[in-house]
Amino acid sequence: MQDTFKHKGLRQKLVNTLYSKGIRDTRVLHAIGNIPRHLFLDSSFLDHAYQDKAFPIAANQTISHPYTVAFQTELLKIKIGHKILEIGTGSGYQTAVLCEIGTTTYSIERQLELFKKTSKFLPKLGYNAKQLIFGDGYKGLPDQAPFDGIIVTAGAPFVPKPLLSQLKIGGRLVIPVGNETSQIMTLFIRKSEKEFEKCEFGEFKFVPLLEDKN
Ligand code: SAH
């Protein structure tokens, strides 16, 4: 596993691109500047790793655009030590961003192949999530709730109730909501036991958050 000066230079350019697109959270920019994204992609895409593009990973899934990762992470308004739940581990790139920033990170993946691959890979790079879980993200992680933030990295047809109920008061849920072709990035802030503030942030395109029918 190699990370060269060339890769570091390309990453700095990517950070500049994200800044020019409006990302301002220095912790997010710093994390993206540090993480060797090329190692999260299949070797055939190595040369493209630091363009602001999404790419296929195993099991027909995608690693999100760096801009999307940065935008969603910024919306979480993370502080060091926050307890964050990610739904859709995938390649583990977003998980690595959360670990790099210094959160206590939990992440759920429903595809066994990806779960196994990423569970082995992340610790090799030095990213130790508190827990990687093979399971259904629609249910959240009631055992470890409440969370300061929950980030959903697949397009949800609706907002799963358990995710809202697993937020701390003041906690934030960042979730793309919509159909298979496009979703609206949506932020819910828990104001009290029963009240949530909702804000919308434009269109994005994710692979679907799949429901297990059994
Ligand atoms: N955060 C990932 C993005 C991966 S794409 C990254 O940085 O690479 C979205 C992921 O969500 C896929 O791996 C998909 O298998 C997973 N997913 C879809 N439905 C899910 C569900 N109900 N529970 C958990 N993971 C789910």
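Residue numbers run from 1 in the order of the sequence given. Owing to the predicted nature of the structure, the values given are computational and were not obtained by experimental measurement. Note that ligands are numbered from 1 as they come in the structure, with each ligand's atoms numbered from 1 the same way.
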Visitor: Going by heavy atoms, is Thr89 under 4.0 Å from ligand 1?
Guide: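 Thr89: in contact with ligand 1 (<4.0 Å).
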Visitor: Tell me: protein heavy atom nearest atom 23 (N) of ligand 1, and distance?
Guide: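 Here the closest protein heavy atom is Gly137 N, 2.8 Å.
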Visitor: With the threshold set at 4.0 Å, does a side-chain nitrogen-carboxylate oxygen contact exist between Lys168 and Asp148?
Guide: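 Judged by the 4.0 Å cut-off on N to carboxylate O distance, Lys168 and Asp148 do form a salt bridge.
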Visitor: What atoms in ligand 1 come closer than 4.0 Å to a heavy atom of Leu114?
Guide: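 Atoms satisfying the 4.0 Å criterion: 13 (O).
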Visitor: By salt bridge (charged side-chain N to carboxylate O under 4.0 Å, His left out), which residues pair with Lys21, not counting sequence neighbours?
Guide: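 With sequence neighbours excluded, Lys21 shows a salt bridge (charged side-chain N to carboxylate O under 4.0 Å, His left out) to Asp52, given in chain and number order.
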Visitor: Phe147 ring centre to Lys83 NZ or CZ under 6.0 Å, with the angle to the axis within 45°?
Guide: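 Because its charged atom sits under 6.0 Å from the ring centre and within 45° of the axis, Lys83 does stack over Phe147.
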Visitor: When you check the side-chain N and O atoms of Tyr50 and His38, is any donor under 3.5 Å from an acceptor?
Guide: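 Their side chains do contain a donor-acceptor pair, which is all the 3.5 Å distance test asks for.
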Visitor: Contact between Pro208 and ligand 1, counting heavy atoms under 4.0 Å?
Guide: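 In this structure, Pro208 qualifies as a contact of ligand 1 - some heavy atom is under 4.0 Å.
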Visitor: Are any of the N/O atoms in Ile63 less than 3.5 Å from those in ligand 1?
Guide: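 No; every N/O pair is 3.5 Å or more apart.
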Visitor: Check the side chains of Thr95 and Glu86 for a donor-acceptor pair under 3.5 angstrom, ignoring hydrogens and angles.
Guide: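 Side-chain D/A pair, Glu86 to Thr95: present.
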Visitor: State plainly whether the residues Glu203 and Lys205 are in salt-bridge range, i.e. N to O under 4.0 Å.
Guide: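 No, no charged N to carboxylate O under 4.0 Å.
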Visitor: So for ligand 1, is Ser64 a polar contact partner (N or O within less than 3.5 Å, distance only)?
Guide: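 In fact, backbone or side chain, Ser64 has no N or O that close.
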Visitor: Is there a heavy atom in Ser107 that sits closer than 4.0 Å to ligand 1?
Guide: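 Distance cut 4.0 Å: Ser107 fails for ligand 1.
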Visitor: Can you pull out the closest protein heavy atom to atom 4 (C) of ligand 1? Residue, atom name and distance to 0.1 Å, please.
Guide: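 For atom 4 (C) of ligand 1, the nearest protein heavy atom is Thr62 O, 3.1 Å.
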Visitor: Closest non-hydrogen protein atom to atom 11 (O) of ligand 1, residue and atom name please, with distance?
Guide: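 Checking every protein heavy atom, the shortest distance to atom 11 (O) of ligand 1 gives Gly88 CA, 3.2 Å.
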Visitor: Could you check atom 9 (C) of ligand 1 against the protein and tell me its nearest heavy-atom contact, residue, atom and distance included?
Guide: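 The protein heavy atom lying closest is Thr153 O, 3.3 Å.
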Visitor: Just checking Phe121 against Tyr127, ring centres under 6.0 Å apart?
Guide: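 Centroid distance Phe121-Tyr127: not below 6.0 Å, so no.
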Visitor: Provide the number and element of each atom of ligand 1 under 4.0 Å from a heavy atom of Val207.
Guide: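 Every atom of ligand 1 under 4.0 Å from some heavy atom of Val207: 5 (S), 9 (C).
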Visitor: Name the closest protein heavy atom to atom 6 (C) of ligand 1, giving the residue it belongs to and the distance to 0.1 Å.
Guide: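 I find the closest protein heavy atom is Ser91 OG, 3.6 Å.
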Visitor: Mark up the atoms of ligand 1 that fall under 4.0 Å of a heavy atom belonging to Ile108, in ascending order.
Guide: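 So the atoms of ligand 1 that pass are 24 (C), 25 (N).
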Visitor: Testing the basics here: between Thr118 and Gly92, what is the closest heavy-atom pair and its distance to 0.1 Å?
Guide: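 Scanning both residues, the minimum pair turns out to be CG2-CA, 3.6 Å.
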Visitor: For Glu86, take its heavy atoms, then give the atoms of ligand 1 lying under 4.0 Å from any of them.
Guide: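 Those of ligand 1 that fall under 4.0 Å from Glu86 are 1 (N).
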Visitor: What protein heavy atom is closest to atom 7 (O) of ligand 1, reported as residue, atom name and distance in Å?
Guide: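 Scanning the protein heavy atoms, the shortest distance from atom 7 (O) of ligand 1 goes to Gln94 N, 3.2 Å.
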Visitor: State, to 0.1 Å, how close Pro176 and Met185 come at their nearest heavy-atom pair, and which atoms those are.
Guide: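 Answer, listing the atom of Pro176 first, then Met185: N-SD, 4.1 Å.
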Visitor: List ligand 1 atoms under 4.0 Å from Gly135, heavy atoms only on the residue side.
Guide: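 Those atoms are 23 (N), 24 (C).
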Visitor: Polar contacts were defined as any N/O atom of the residue lying under 3.5 Å from an N/O atom of the ligand; does this apply to Tyr138 and ligand 1?
Guide: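 By distance alone, the answer is no.
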Visitor: List the atom of Gly88, the atom of Glu109, and the distance in Å for their closest heavy-atom pair.
Guide: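 Taking Gly88 first and Glu109 second, the nearest heavy atoms are C-OE1, 3.7 Å.
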Visitor: Does Glu211 reach ligand 1, in the sense of a heavy atom lying below 4.0 Å from it?
Guide: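 Judged by the 4.0 Å heavy-atom criterion, Glu211 does not count as contacting ligand 1.
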Visitor: State whether the shortest distance between N or O atoms of Leu210 and N or O atoms of ligand 1 falls below 3.5 angstrom.
Guide: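 Yes - when backbone and side-chain N and O of Leu210 are compared with those of ligand 1, one distance drops under 3.5 Å.
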Visitor: With a cut-off of 4.0 Å, which atoms of ligand 1 are near a heavy atom of Tyr93?
Guide: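 Here the atoms of ligand 1 in question are 7 (O).
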Visitor: Could you tell me how the ring of Phe134 sits relative to the ring of Phe115: parallel (under 30°), tilted (30 to 60°) or perpendicular (over 60°)?
Guide: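 Rings of Phe134 and Phe115: tilted, as their planes differ by 30° to 60°.
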Visitor: Can you tell whether the side chains of Glu193 and Arg190 come within less than 4.0 Å, N to carboxylate O?
Guide: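 Between Arg190 and Glu193 there is a salt bridge, with a charged N closer than 4.0 Å to a carboxylate O.
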Visitor: Got the closest protein heavy atom to atom 21 (C) of ligand 1, with its distance?
Guide: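 Minimum-distance protein heavy atom for atom 21 (C) of ligand 1 reads Arg110 CD, 3.4 Å.
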Visitor: Identify whether NZ of Lys or CZ of Arg in Arg37 sits under 6.0 Å from the centre of the six-membered ring of Tyr93 and within 45° of that ring's axis.
Guide: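 Yes, a cation-pi geometry holds between Arg37 and Tyr93.
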Visitor: Once the angle between the rings of Phe204 and Tyr67 is folded into 0 to 90°, is it parallel (under 30°), tilted (30 to 60°) or perpendicular (over 60°)?
Guide: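 Rings of Phe204 and Tyr67: parallel, under 30°.
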Visitor: Show which atoms of ligand 1 fall inside a sub-4.0 Å distance from at least one heavy-atom site of Gln111.
Guide: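 Near Gln111, the atoms of ligand 1 are 15 (O).
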Visitor: Give the residue, atom name and distance (to 0.1 Å) of the protein heavy atom nearest atom 15 (O) of ligand 1.
Guide: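 Here the nearest protein heavy atom works out to Glu109 OE2, 2.6 Å.
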